[in-house]
Each structure stands twice: as structure tokens, then as C-alpha cells.
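Protein chains get the first letters and strands the later ones, always in sequence-line order, with residue 1 at the start of each.
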2 protein chains.
Amino acid sequence: MKKRRVKLEDIARKLNISIATVSRALDESPRVKPSTREKVFRMAKAMGYMPNQIAKSLSSGKTNLIGVIIPRYDESFFIEVCRGIDHYVSKHNYKILISSSRTSFESEQENLSFFEKGLVDGIILCPSHETETFSHIRSIINKGIPTVLFDNIKEEVSGADHVLIDDNKASFSAVEYFIKKGKKKIVFIGGIKDKKVFQDRYSGYLEAMKKYNIPIDEDLILHCNSLDREEEDLEISKYFKNLKKRPDAVFTVTDNYGMMSMKILTKLNYNIPKDVEVIGFGDLGVGKVFVPSLTCVAQPSFEMGQKSAELLIDQLKDESDEKHKKRVITLETKIVFRESTGD
Amino acid sequence: MKKRRVKLEDIARKLNISIATVSRALDESPRVKPSTREKVFRMAKAMGYMPNQIAKSLSSGKTNLIGVIIPRYDESFFIEVCRGIDHYVSKHNYKILISSSRTSFESEQENLSFFEKGLVDGIILCPSHETETFSHIRSIINKGIPTVLFDNIKEEVSGADHVLIDDNKASFSAVEYFIKKGKKKIVFIGGIKDKKVFQDRYSGYLEAMKKYNIPIDEDLILHCNSLDREEEDLEISKYFKNLKKRPDAVFTVTDNYGMMSMKILTKLNYNIPKDVEVIGFGDLGVGKVFVPSLTCVAQPSFEMGQKSAELLIDQLKDESDEKHKKRVITLETKIVFRESTGD
DNA sequence: TACAATAATACAAACGTTTGTATTTTGTAA
DNA sequence: TTACAAAATACAAACGTTTGTATTATTGTA
């Protein structure tokens, strides 16, 4: 079945004209006269011509592809970011090539090398939490490949744009909300410690407690170490079962932790929100349908993608060589109030 | 900053050898002697050489890219399928290029045309529910581009492999389960009628009812027409509120509908599973954490991706031209029992 | 009717590889 | 040494476009 593709040469031969004229005709260049253009279009259509993108790219040096590297597919946050990116770049005639680093540093490097082979015009990357050194990213940038980083950035990389949210501040405001409502025994459920975003959300908690002079009670703090949902479930469930004190509020660094917590708290005969209020982090659609629905810090994930894309397209357009040094964009979060805080 | 890439020619010149030798050396061809190979490798490394994938593709006629078209990003089913595809093809040195048709026929065509420009070696596609004619897909296949279709296939396309689940049977077995438990008033919550999978799930319901001689009660049937979560929520909620009869079981064609139903039923003072049992369809992780957790027909989404990928890679390897005509693979579903059916 | 000016088209190099064939170099045996 | 096979390397075409420059065809004007 392997049919040979129709190429410019085939059209040219049939019409007894040159390849260049065919190429220009299809491009609607004013250099070919209308009647030939017509002929060419008709013949191209009749023969089922489809331009060869690869040849075009080689010739033009542009692929119109943007490489996106996310730590994992199965986290809606990243999918939303990708949607945001896609939404923006498709308006500029770009497509995205999504790769997952499977939260592994090695795989992140591999993906980057793959992109470096000239397949993409630019790269948008969320560093995996394993990533501690950034020379692989710097190397890409030094080669002149436009790059934007988003989320979980432990270290600023010069030459790349950054898009983040202020996790610390977001977390602070959630805890502050509890405190202002008179809550004292505020549980903090954190995540693995080598993720920058989780560190920041933790420090936000600590700072809020400190500001209002509430002593930190280590018993009320749990850092989940699991990567797997089942394990998380168990870890949180065990924690609450063994907890001697009765908390009056729970702040968790993800929506999932929040829902897990509500689930186990309900089983332990807490009434939500009367006995204990819960705030999660993320807002990716699930917390909304949960019963009770989960109040949470809403991350502007789609917007994050859009903004990253915008910065990248900017770099792409801007042939004028590193005119812009590096931009760091911090997006605003907000709290979405639902039943778990009595709203 | 736009640095010129190092190319084979640069290495060749430095070492005073020919481009061909450099190329073969890097390929570890036995045609170059070890000592030159060494030199080339060292020089390539020193100069920071990265092969140009585009040039390679043009020369070899292979891009090692596989195009995937899904109706939407924000449905975990499709993301899981993509994960499955990625998992399989990455073992064969392929990467995937994911596009969303945004459930629009037109956009599906556009995406297909894009891939047709020679960027991908093969295509895996889930037709949008808007898609009624399949000539665009046939056209692709006629050009000799290996193609696999999965899910929501209204019409068999000759020359393409198909991967499906037996929605009818899956649905039948869920309803049968209710019937065997003595349920009589079984609500069916369906989806938009132009989606093949929803039609099949509906017919499965009808067939089960028929087989056990339970008369169909139109009042117990709702076909959701909404595309948007908020609207669905409203539609289902309104339906149950207005329902005069008290159902003893609810079967829904998606997990979301299942959870919506449980949510509103609980509000209407039904006890789940005592008064009414619920089974959803999908099993994509959310139903598990819901309270009560949702029993559902589990779709083997990851596996579906893997299988589709396997078939495609098969076609890709198989240069021997349409030896295999067309394969239709039907994957098994199973019911995962949880709290909403008292398990 | 011829000549310039301009319109239309053709030619050919370039993009960075791969790969078949030709050529040079090396090693070995007479 | 010389001759010859084998090993190593060089040459050049090909992949399908784009695009600057050269060439040819057409028009208008004197």
C-alpha cells in the first residue's frame, strides 16, 4: 500500500513548469500569474498533493512545534496547563509535543535531549521534583533554544522565563482564614519534602501560625511521603486514627489529601464543617462534586499554561537576541469557598 | 543568542575527513576504523554536536513520531489511553504527538491533515462524536499511513485496526447484576445520543431488562444532553427531584453521572446502598475516593492505549504491505465493586 | 518595429543527513 | 619490490522544500 507521495516535482512535470513556480503558486506569491496559479491549484488538488512538513522545516529552520515536558500525565494540574499552552499556541500556528519525565531526573534529561535534536522551536518545562541541578536546562538555553519554566522551580535559571504561583502566600492566606475564624488546632497535611511547591506551602503554614502567635504543635503536622494514591490513603487514614487531639481545621497541600482527610474524618464521626473545616489545594474539578464539596486554594493552571505559552511565543518572535533578559511571572491564587468551610 | 548548530560538516572539517565518514562513525558503522571513530566521538562531544532530527527524517523517511488524536484533554479516560500508548511506543523509540479535536469534526479533519503532512509515521485516533462520515480517515489510510482507531467507532473503516470495548455487553452485565439482586426499578442515566458508546450502553440496558422481562419504564430513563459539567449537574439533579417513583438502583453511563446521582440522592434522603444502589462507568480514580465509593464498570483505558500502540507498531514494522487486512480487538471490561452496591 | 521595462518563469543552491559507489590507503604474499 | 585483495575513506546523489538570481516572455511606447 506504501504509495509514493505526490511532490512539487510531480505537479511541475505534469504542467511542464518548474518546481519553483509550483512552490510559489501554492504560496500565492504575486510572482506567478493568476492563470498559472489556478492551474497549479487544480492540479495539486487533483493529484492529492500534501506538502511535506519535514522538508519545509529543514528548509525553513522552523518546525512550528513546541516541546512540553511535564512530570506526569495523571495529574490534572499538568493536563490543564497543557490545555492552556495548546490554547494559546494554536492561535499562532504551533502544535505541542508533550512528554512526561515520569518525575525522574534522568528521563527529564532524555526528553530535553530529544527536543534538542531540532524537533521543536521552543520548550516549556516543569522540572521534576527529583531535579536538583539545572545544567541540562542551561545547556539548552545556551544553544539558543527559547525556554520557559513553570511551577516547582527550585532555582532560577538565567535566560529562561519563569511562571509560578506564590505557594507560600497562597498557603498563608488559607491558614490565616482559619485563624481569623478562631481555629486554633489546625492540622497541616503536607507532601514529599523535595518538591519546592510543598516546601513553600509548608512555610506558608508556619508563617501564618507564627504571625498570630499560635504555637506549632508537631502532632498536628503530617508530611505524606507516598507517591501512590493507595499509600497516601493509608498514611492519612492512619494519621487521623492515631491522632489524640481533636483538630478544628485541616489544611492540606493537595485536593486529594483534602478529600482523603474528609473521608476519614467523617468515618471518625467528625461533622464537616461543624466540628472541623477543611481546605485543600488545587481545584481541579473533583473537589467540587465531593460531598461535602471541598473549599480550596485554586491554582490558575490553565492560565499558567497560557502565560507560559505567551512568554515562549514572545521569545520565538523576538529574533533580536536576548533583548529581554528573563521574566518571572507570579500568578494570583484565590480561595474558592465551598461546603467544607461552611460556605 | 541564536547560535549556529554544530553539524557533521563542522566535525568533518576539523578532523579533515569526509562528512560520510563522520556520519558512519557516529553510527558505529564497521566501515570506519576504531581509531577514527574514537576521534569523531571525542570531537563531536567537544563541539557539542547534536544530530538534526529533521534532516534525519527527511533523509530516512521516518520521523519516529506517532500522532494521537483524542476528542478532549479534560477526560481522564483519554489521558489514560495516551499514557498506555506512550508506555508502549516509547519502548520502540517512538514519541507521541497528542492533538485534541475538541470534539469537533472540523478540528478532527484539521488535525488529520496536519499529520498527513508527513510529520508522523502513524496515527492513533478516537473519532469525535460529531464525526459521521469517515472519508477523511479513509483518505489517510489510502495514502498508506498506518492508522488505528479506538473507542467510539460508529463505522468500521477498512484498512485500519480497531480497538474497542463491548459497551453493550458491559452495560448489560451491570444491569443484570442489579436484576439478579432483585432490583426492579432501575434508573438509566445515559449520555448524548450521537456518541456510539452511549448508544451501546443504552442498548445493553434495554437488552438486560428485556431478557428478564422487566418492562421498560420511560420515567426511569434520562439521556443527559449537556456537554458541560455544571449543566449535567443541574440536569441530573432536576431529574431526580422531579422523579415521582422511588428507584432501587441507578446505572449511569459515566462515573461522573454516578457521583452526581449519589450526591443528589443523598440530599433527597436516600441511603446508598440500602435504599438505592448505584453503578457507574469508567473507573478513573475519582469514584474510589467518593463517599460512598462508587461501584462501576471498569474500562481498561491504559490497556486500550497499549493495545492500540501495539497494533500500530505492528503495521509500522510490517513493510510487507497490507498483509494483515484489518484487526478488531475487543477488550474485556469488569465490574469493580465498592460501597455504592454494598460491597 | 524595435527597445526598454516589467512580468513570468526557470535555474540552482541550500537546509543536514544517509547511503551506494568510487577511490584511495593499507597490509600481505609472491 | 610488486601486485592484489581488503579495509578505510571520499564523492555525490537523494530526501522535498524554499528562495535569490538569472533568464525568457510579454507588454507598452516611441
Within this structure, what is the [atom1]-to-[atom2] distance between [X] and [N], rounded to whole angstrom?
X: B:Arg5; N: C:dT17; atom1: CZ; atom2: C1'; value: 12 Å
X: A:Leu119; N: C:dG16; atom1: CG; atom2: C1'; value: 14 Å
X: A:Leu8; N: C:dC11; atom1: CG; atom2: C1'; value: 15 Å
X: A:Asp27; N: C:dA8; atom1: CG; atom2: P; value: 17 Å
X: B:Arg13; N: D:dC11; atom1: CZ; atom2: P; value: 13 Å
X: A:Glu9; N: D:dT18; atom1: CD; atom2: P; value: 14 Å
X: A:Lys33; N: D:dT24; atom1: NZ; atom2: P; value: 17 Å
X: B:Lys56; N: C:dT19; atom1: NZ; atom2: P; value: 10 Å

Considering only [options], which nucleotide approaches the side chain of [X] most closely?
X: B:Leu58; options: C:dG16, C:dT18, D:dA10; answer: C:dG16
X: B:Asn52; options: C:dG16, D:dG20, D:dT17; answer: C:dG16
X: A:Ala20; options: D:dT18, D:dC11, C:dA12; answer: C:dA12

Distance-only donor-acceptor test, [X] side-chain atoms vs [N] base atoms, 3.5 Å:
X: B:Arg31; N: C:dT18; value: no
X: B:Arg4; N: C:dG16; value: no
X: B:Ser59; N: C:dT17; value: yes

What contact category does [X] fall into here, base, sugar-phosphate, or nothing, at under 4.0 angstrom with non-hydrogen atoms?
X: B:Asp10; result: nothing
X: B:Ile54; result: nothing
X: A:Ser57; result: nothing

Polar side chain donor-acceptor pair, [X] to [Y], under 3.5 angstrom:
X: A:His136; Y: A:Glu108; value: yes
X: B:Ser101; Y: B:Ser104; value: no
X: A:Lys95; Y: B:Ser99; value: yes

Would you kindly compare B:Asn16 and A:Arg24 by the position of their nearest DNA chain D nucleotide and give the one closer to the 5′ end?
B:Asn16

Kindly say if [X] contacts the phosphate of [N], meaning a side-chain N or O under 4.0 Å from OP1 or OP2.
X: B:Ser18; N: D:dA10; answer: yes
X: A:Ser23; N: D:dG16; answer: no
X: B:Tyr49; N: C:dT17; answer: yes
X: B:Lys7; N: C:dG16; answer: yes

Working note: B:Asp314 + B:Arg327, criterion salt bridge (charged side-chain N to carboxylate O under 4.0 Å, His left out); need CA distance, chi angles, decisive distance, verdict.
CA-CA 11 Å; B:Asp314 254 30; B:Arg327 291 164 293 185; 3.0 Å; yes

Can a salt bridge be assigned to the pair A:Glu155 and A:Arg138 using a cut-off of 4.0 Å between side-chain N and carboxylate O?
yes

Under 4.0 Å between a Lys/Arg side-chain N and an Asp/Glu carboxylate O for B:Asp10 and B:Arg5?
no

Given axes from five pairs at either end, by how many degrees does the helix from C:dT1-D:dA30 to C:dA30-D:dT1 bend, rounded to 10°?
60°

Between B:Ala55 and A:Ser35, whichever has its closest DNA chain C nucleotide further toward 5' is A:Ser35

B:Arg42 side chain near B:Lys45 side chain, heavy-atom distance below 4.5 Å
no

Tell me whether B:Lys14 at atom NZ has more than 12 heavy atoms from other residues, nucleotides or ligands lying less than 6.0 Å away.
no

